[in-house]
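I have placed the structure first, in the form of structure tokens, so that the comments after it can refer back to it.
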Amino acid sequence: MNTAPATARTLADPDTPFAVVDVHKTLRNIERLATRADRLGVTLRPHVKTAKSLDVAALMHGGARCPVTVSTLAEAEAFADGGYTDITYAVGIDPHKLPRVIALLRRGVRLRVLLDSPEQARSVADAAHRAGIAIPALIEIDCDGHRGGLTTDAPALIETGRLLHRAGCLDGVLTHAGESYAAHTPEEQRLAAKNERDTAVAAAGKLRAAGLPVAVVSVGSTPTAHAAEDLTGVTELRAGNYVFFDLVMAGLGVCRIDDLALSVVVTVIGHRPEHGWIVTDGGWMAMSRDRGTAGQPQDQGYGLVTDLNGTLLGNLVMTAASQEHGTLTTRDGITPPDLPIGTRLRILPNHACATAAQHHGYHIIDSARSGAGPAPAIEACWPRVTGW
């Protein structure tokens, strides 16, 4: 699936809706963060949950199998099948899933699990003892009150570390600045990145002071990865959305609209002039229900509208969605442009991870090579791995 189609095709050909990835913009986004990680002196461990694609992952290190982060064991298994042997499963471990973890470890995959309680640590230690194999584990640290993790002053931090260490399973700490997605200025993002680092390093220090080894100090989110100025004490940086970027990241100023590498091609199927609507065949099944820009200064609805070459169509926005229908209106309520039935458009998404998850794969274009024709050529078709 990773070679150009047998017959020349363009974005005007496949049935809509379908997902499109601009490989030129993807490579540019990858290079930007890779350069930053090198400058900060840390290993970059991309989170492959965004694209869920071996082909996209192969772009990150010139085809070499780099360390990766996953959000499901199915992703871990698929990337292991693709030759990846250094994987972090960055969702709190369910004890029922430990047999799958052990199966991957027996295959030679260094798969780290994540946990934030003594109960989970006991489950990991017991499973490791029964299997006769160490299960590398990271303790999740709460750096900003988001989702899970232990705070640096939680008594359970040392207890959890000791339980893992006795079983030969303690590998380090991991934190994620989830609230950085609400950091709307460069200074707020810089402070979020500093807090993320400081909290992870402090947690590692407390464990070490208790005589426990901490090899890995892992931090990262797309906003903080691009804002961090000093990662002293950190060993690795994680991010995922940066590969494609999206309107949420653009709204935070982390990227430009022109950096968005993922879009969805839809077709105009109707008009409701009495409401100022253009109707397409791309609803929330194509775009997802994510409304991540609703709380930002500029609400982008369900996505911004471009022509097939990626040029924004004035102030046209996808403002409503049902399962298979999308509604386009102008932001200021004026009459929308004349787009006849059959016109193909591209929608730039709010949340690249959620939109990508709606599709089985990507049609690949290269905006650096596209000519002046009405529709970019499809260079390849790349499948996604399963997400469950």
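Note that the coordinates shown come from a computational prediction; the quantities given were computed from them, not determined experimentally. All values below were derived from every heavy atom in this structure, side-chain atoms included, with hydrogens, water molecules and symmetry-related copies excluded.
No side-chain donor from either of T50 and N241 sits under 3.5 Å from a side-chain acceptor of the other. With no hydrogens or angles considered, a side-chain donor-acceptor pair links D230 and T232 at under 3.5 Å. Of the N and O atoms on the side chains of T329 and T319, at least one donor lies less than 3.5 Å from an acceptor on the other residue. Judged purely by distance below 3.5 Å, without hydrogens or angles, the side chains of N315 and T330 never pair a donor atom with an acceptor atom. In summary, the side chains of S180 and S221 do present a donor paired with an acceptor at a separation below 3.5 Å, with no hydrogens or angles considered. A side-chain N or O of T224 and one of E196 form a donor-acceptor pair less than 3.5 Å apart. If you check the side chains of D144 and N195, you find no donor sitting under 3.5 Å from an acceptor. Using modelled atom types and a 3.5 Å distance limit, the side chains of Q358 and R289 yield no donor-acceptor pair.
The two residues L98 and I93 make their nearest non-hydrogen contact at CD2-CG1, 3.8 Å. Scanning all heavy atoms of the two residues, the minimum distance from A183 to Q189 falls at O-NE2, 2.8 Å. Between E236 and S218, the closest heavy-atom pair is OE2-OG, 2.8 Å. Considering all non-hydrogen atoms of both residues, L262 and A352 come closest at CD2-O, 3.6 Å. When all heavy atoms are compared, the tightest approach of A202 to T152 is CB-CG2, 4.2 Å. The minimum heavy-atom distance between A57 and F79, with the atom names listed, is CB-CE2, 3.7 Å.
Under the 4.0 Å criterion applied to side-chain N and carboxylate O atoms, K194 and E229 are not assigned as salt-bridge partners. Between E75 and R384, no side-chain nitrogen of the basic residue sits less than 4.0 Å from a carboxylate oxygen of the acidic one, so the salt-bridge criterion is not met. Ion pairing between a basic and an acidic side chain is recognised when a charged N comes within 4.0 Å of a carboxylate O; R291 and D299 show such pairing. Comment: E159 does not engage R162 in a salt bridge, judged by the lack of any side-chain N to carboxylate O separation of less than 4.0 angstrom.
Remark: of the listed residues D281, V279, L339, T16, L339 is the sole one forming a side chain to side chain contact (heavy atoms under 4.5 Å, CB included) with V268. For the side chain to side chain contact (heavy atoms under 4.5 Å, CB included) criterion with C143, the lone passing option out of V219, D198, T175, T151 is T175.
Partners of Y89 by ring pair (Phe, Tyr, Trp, His ring centres under 6.0 Å), not counting sequence neighbours: none found. With sequence neighbours excluded, the residues forming a side chain to side chain contact (heavy atoms under 4.5 Å, CB included) with P67 are T43, R45, D86, listed by chain and number.
Considering only heavy atoms from C-beta on, S117 comes within 4.5 Å of Q120 through its side chain. Taking 4.5 Å as the limit, every side-chain heavy atom of R9 sits out of range of all side-chain heavy atoms of E379.
For the pair R32 and Y242, the cation-pi criterion (under 6.0 Å, within 45° of the ring axis) is not fulfilled.
Panel note: side chain R344, backbone L308; no donor-acceptor pair is recorded below 3.5 Å. Of the possible polar contacts, none joining the R238 side chain to the L44 backbone as a donor-acceptor pair under 3.5 Å is found.
Checked against the 6.0 Å centroid criterion, the rings of H360 and F18 do not qualify as a close aromatic pair.
Within 6.0 Å of CZ in R107 there are more than 12 heavy atoms belonging to other residues, nucleotides or ligands.
In this structure, I334 stands alone, with no Ile, Leu, Val, Met, Phe, Trp or Tyr side-chain heavy atom under 4.5 Å from its own, directly or through other members.
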